[in-house]
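Numbers for residues simply follow the sequence, beginning at 1. Heavy-atom basis, side chains included; hydrogens, waters and symmetry copies ignored.
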Amino acid sequence: MNIFAKGAMALSLSYYAVIFGYIWVGQLLGLHNDIWEVFDFPIQSTTPPAWTLIVGFLLTVFALLALASAYRGAWIILGGGPDQDFRDLGKNLRRIAWGLLGFWLGYNLISGVMQYLIVIGLSDLDGFEFGWDPLDLDIVFAIMGVVLLAISQTLERAWLAEDETKHFL
């Protein structure tokens, strides 16, 4: 299972980086005009303003770095085996938690805010359907992040109790 999880993390992060890199960087460089399809908007002959594409690219980089941070914490936990101390386990769970929360935030900014930013400058918005639901299935990332933060705090207290016991004996 360890190898499967690590492989899935590496594969998914690489996949998302390539796909989203192609979308935003290709759009910025004028290689294609696929951004409209990404947001299920009618195809336009013009591209969105460059500053909105840069904002979208930066938000995507933020989301992917947050996901990479979560994956790094999980990778370390999976590689540490059963002999990990509570402090390191808590630290890595915190890394996963903040990474998941950051990914959820970045994803929602991309899917929510960016759809409004890329249409700036268009005079006719007929046929555009703006839909964004912050409580969609991706809310699981935020919920798991909060739960893992709580568990990491408990592990920190467990480490303190264990450390005190070692010094007492």
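Side-chain heavy atoms closer than 4.5 Å link hydrophobic residues (I, L, V, M, F, W, Y) into clusters, and following such links, even through other members, never connects Y107 to Y116. One hydrophobic cluster, built from ILVMFWY side chains closer than 4.5 Å, holds both Y15 and L67. Linking ILVMFWY side-chain heavy atoms closer than 4.5 Å, directly or via other members, places L122 and F41 in a single hydrophobic cluster. Both L31 and I19 belong to a single network of hydrophobic side chains, linked directly or stepwise wherever heavy atoms of I, L, V, M, F, W or Y lie under 4.5 Å apart. Linking ILVMFWY side-chain heavy atoms closer than 4.5 Å, directly or via other members, places I118 and I43 in a single hydrophobic cluster.
Residues L117 and M114 are in side-chain contact: their nearest non-hydrogen atoms beyond the backbone lie under 4.5 Å apart. Side-chain contact between Q115 and V119 is absent, with no heavy atoms from C-beta onward closer than 4.5 Å. A 4.5 Å side-chain heavy-atom check between W132 and N108 finds at least one atom pair inside the cut-off. Counting heavy atoms from C-beta outward, I120 and W51 have side chains that approach closer than 4.5 Å. Within the 4.5 Å cutoff, the side chain of I35 has no heavy atoms near those of the T47 side chain.
A distance of 4.5 Å separates CD1 of I76 from CZ of R95, quoted to the nearest 0.5 Å. Put simply, CD on Q153 and CG on L155 are 10.5 Å apart, with the number rounded to the nearest 0.5 Å. In this structure, CD1 on I143 lies 8.5 Å from CG on L135, to the nearest 0.5 angstrom. The structure places CG of L28 at 5.0 Å from CG of L53, a figure rounded to the nearest 0.5 Å. Between the CE atom of M9 and the CG atom of L13 there is a distance of 10.0 Å, given to the nearest 0.5 Å. To the nearest 0.5 Å, the span separating CD on E129 from CG on D40 amounts to 9.0 Å.
For the pair N33 (side chain) and Q44 (backbone), a donor-acceptor distance under 3.5 Å is present. A donor-acceptor pair is defined here as one N or O able to donate and one able to accept, closer than 3.5 Å; no such pair exists between the side chain of D34 and the backbone of E37. Here the side chain of T60 pairs a donor or acceptor atom with the backbone of G56 at under 3.5 angstrom. Between the Q27 side chain and the I23 main chain, no donor and acceptor come within less than 3.5 Å of each other. Using modelled atom types, one side-chain atom of D124 and one backbone atom of D126 make a donor-acceptor pair closer than 3.5 Å.
The shortest non-hydrogen separation linking L78 to A5 is CD1-CB, 3.6 Å. When all heavy atoms of F39 and S111 are compared, the pair lying nearest together is CE2-CA, 4.4 Å. Of all heavy-atom pairs between S152 and G90, the closest is CB-O, 3.2 Å. Between A10 and S14, the shortest heavy-atom distance links the atoms O-OG, 2.8 Å. Residues I110 and A63 approach most closely at CD1-CB, 4.4 Å, considering heavy atoms. What you find for G102 and A66 is that their closest heavy atoms are C-CB, 3.6 Å.
When hydrophobic side chains of Ile, Leu, Val, Met, Phe, Trp and Tyr are connected at separations under 4.5 Å, W98 ends up clustered with L101, V146, L149.
A ring-ring contact (aromatic ring centres under 6.0 Å, His included) with F103 holds for exactly one of Y71, Y16, F141; it is F141.
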| field | Intermediate values then yes/no, side chain to side chain contact (heavy atoms under 4.5 Å, CB included), I77 and I96 | value | CA-CA 10 Å; I77 288 173; I96 295 170; 3.8 Å; yes

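Taking the six-membered ring where the residue is Trp, F128 and W36 present perpendicular rings, their angle passing 60° and hence far from 30°.
For the residue pair W75/N92, the side-chain donor-acceptor check at 3.5 Å is not satisfied.
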